[in-house]
Amino acid sequence: MFGLVDCNNFYVSCERVFNAKLEGKPVVVLSNNDGCLIARSNEAKALGLKMGDLAFEKEAFFEKNGVQVFSSNYALYGDMSDRVMKTIAQMVPGMEVYSIDEAFIDFHNMPYEDLEALAQRIRKTVKQYTGIPVSIGIAPTKTLAKVANRYAKKHLPHLGIYQIDSDHDAEKALVNTPVEDIWGVGYKYAKMLNAHHIFNALELTQAKEEWIRQKMHVVGVRMLRELQGEICYQLDNEPTPKKGICVSRSFGHSQRDVKIITEAVATFAARVGEKLRKQKSCAHIVHVFLYTNPHKDEPQYFNSKVLQLPTSTSSTIEIIRYALRGLELIFKPGFNYKKAGVMISGIVPENQVQIGLFDTHKREIDTKAMKALDELNRRMGRDTVKIAVQGFGRDWQLRQERKSRCYTTRWQELLEVEAWG
DNA sequence: TCTGGGGTCCTAGGACCC
DNA sequence: TCTGGGGTCCTAGGACCC
């Protein structure tokens, strides 16, 4: 059996932990640059607010309905996620952290009768230790555990748990799951299935495998079999190193100045370096890209450049140098730029780097410098030490007008409590 | 003023190898 | 007369996930 623990309305729940006034009220969290809705409380969902709704179009609606609005605060959500995951890890034999708010649990070799009781204990403990409410689905495959989890959240909100361990349990959950809510069915496949009169997960399980293979390829066949109770996806205990790492942002305001865009690209390259060193990897392909705003009726320009490095590296200094060389090659003056990014690929473990024959770069010095830089930034806060070309300007930064405090990651922003005696 | 930012896997087709 | 048969690697594009 697999379990799937999923945090309820995770970003909203994080905000509520530190702000009791939000309890029972409609709350939404916005995307970067305060663009659109990416998380909603149940009350906000009940008001008809949808994922992806544009924030500026809903201002009056928010005001009228007392909707509490927050910019996204990833320092807070990431740290709360760590706490939730660590709490779960203490209580189960094995788990796979699947996303910022979800984890699969290994219930292998555990008696079925005990699972629901264990799941209840997990829910209670996570809530007590972190303040975050979770729902748990239990089933013979990952895909069915997802179905069970959704069923628990939708139809048994007070219990918060649903276990599939008979055909009857499975059918009850499957018939209540529209195809678009199945793990692996997105917008396109949902439309296709509906056109063939398949509307819920139970109807999908009755489809012919060859037909599914033809329409949805092997991924679809795996999904079908998982829904029928046959395991196709195992639990992945170890986080696998990423094959590509990308850091990109839309700017708070359009930018025309090459100097400001240079600072932004250098900063993205620095973040790529940090992420690379964190997973103990090096890489040798740097990809830089630059966009104008496609939603605007003005001259458009998009370009990107791929650069090969002579030797794989994780040095921020080197990655920035190549990223900026790429930027120089694609930058054209006279456009209003809205977004840029740096991607890195050709990733290898840091202990398997092939040294270049004609490489003259003093690699040991960089390695030492990066180690010192990472350690200082870890202890003193991000960007305590950075590369000069990243600059000090904030011109390109995100717009985040309604961000809550970093309650758990910055001393200056701890929660304050007033006591009357 | 105004539309997120990361990732994964699979397939098809072309270039190339012997 | 008659046009091989195995492969690999790379890229672009399309589907999906949160």
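Every chain is numbered from 1 and lettered A, B, ... according to where its sequence line falls, protein lines coming before strand lines. Nothing here was measured: the structure is a model prediction, and the numbers come from that model.
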Which nucleotide of DNA chain B is the first, and which the last, in the 5' to 3' direction, to come under 4.0 Å of a heavy atom belonging to chain A?
B:dC2 to B:dT11
Any non-hydrogen side-chain atom of A:Val219 less than 4.5 Å from a side-chain atom of A:His217?
no
If you look at every strand shown and take non-hydrogen atoms under 4.0 Å, does A:Arg222 touch a base, only sugar-phosphate, or nothing?
sugar-phosphate
What contact category does A:Ile182 fall into here, base, sugar-phosphate, or nothing, at under 4.0 angstrom with non-hydrogen atoms?
sugar-phosphate
Touch class at under 4.0 angstrom, heavy-atom based, for A:Lys215 against every strand present
nothing
Name the nucleic acid region contacted by A:Asp34, choosing base, sugar-phosphate or nothing; use a 4.0 angstrom heavy-atom cut-off, strictly under.
nothing
By side-chain hydrogen bond (donor to acceptor under 3.5 Å, both in side chains), which residues pair with A:Ser281, not counting sequence neighbours?
A:Gln279
Sole candidate of A:Phe2, A:Tyr98, A:Tyr233 that passes ring pair (Phe, Tyr, Trp, His ring centres under 6.0 Å) when paired with A:Phe104:
A:Tyr98
Separation of the C1' atoms in C:dC18 and B:dC2, to the nearest angstrom:
24 Å
Only one of A:Met110, A:Gln163, A:His108 passes side chain to side chain contact (heavy atoms under 4.5 Å, CB included) with A:Met1, and that residue is A:Gln163
Here's a test of your reading of the structure: between A:Val218 and A:Asn32, which maps to the more 5' nucleotide of DNA chain B?
A:Asn32
What nucleic acid atoms does A:Glu102 come within less than 4.0 Å of, heavy atoms only: base, sugar-phosphate, or nothing?
sugar-phosphate
Hey, does A:Ser250 reach any base, or is it just sugar-phosphate, or nothing, if we go heavy atoms under 4.0 Å?
sugar-phosphate
With a 3.5 Å cut-off and sequence neighbours excluded, list the donor-acceptor pairs that the side chains of residues 173-181 of chain A form with protein atoms.
{"from": "A:Asn176", "atom 1": "ND2", "to": "A:Lys172", "atom 2": "O", "distance (Å)": "2.9"}
{"from": "A:Thr177", "atom 1": "OG1", "to": "A:Ala173", "atom 2": "O", "distance (Å)": "2.7"}
{"from": "A:Asp181", "atom 1": "OD2", "to": "A:Arg150", "atom 2": "NE", "distance (Å)": "2.9"}
{"from": "A:Asp181", "atom 1": "OD2", "to": "A:Arg150", "atom 2": "NH2", "distance (Å)": "2.9"}

Could you give me the stems involving DNA chain B, meaning stretches of three or more consecutive Watson-Crick or G-U wobble pairs whose two defining distances are both below 3.5 Å?
B:5-18 with C:5-18
Tested for side chain to side chain contact (heavy atoms under 4.5 Å, CB included) against A:Phe70, the lone hit among A:Leu30, A:Val12, A:Asn19 is A:Asn19
Show every donor-acceptor pair shorter than 3.5 Å between a side-chain atom in residues 47-67 of chain A and any protein atom, with sequence neighbours excluded, or say none if there are none.
{"from": "A:Asp53", "atom 1": "OD2", "to": "A:Lys50", "atom 2": "N", "distance (Å)": "2.8"}
{"from": "A:Glu59", "atom 1": "OE2", "to": "A:Arg402", "atom 2": "NH2", "distance (Å)": "2.9"}
{"from": "A:Asn65", "atom 1": "ND2", "to": "A:Phe61", "atom 2": "O", "distance (Å)": "2.9"}

Starting at the 5' end of DNA chain B, which residue's closest nucleotide do you reach first, A:Pro241 or A:Asn33?
A:Asn33
Classify A:Lys296 by what it touches in the nucleic acid, base, sugar-phosphate, or nothing, heavy-atom distance under 4.0 Å.
sugar-phosphate
In terms of side-chain geometry, is the basic nitrogen of A:Arg83 or A:Asp79 positioned less than 4.0 Å from the acidic oxygen of its partner?
yes
Please state the C1' separation for the pair B:dC16 and C:dG4 - nearest whole angstrom.
16 Å
Using a 4.0 Å heavy-atom cut-off, does A:Gly244 contact any base of the nucleic acid, only the sugar-phosphate backbone, or nothing at all?
sugar-phosphate
Checking all strands, does A:Tyr74 fall into the base, sugar-phosphate, or nothing category for heavy-atom contacts under 4.0 angstrom?
base
Report the residues that fulfil side-chain hydrogen bond (donor to acceptor under 3.5 Å, both in side chains) with A:Arg277, sequence neighbours left out, ordered by chain and then residue number.
A:Thr316, A:Asp374
Base, sugar-phosphate or nothing for A:Ile245? Non-hydrogen atoms, less than 4.0 Å.
sugar-phosphate
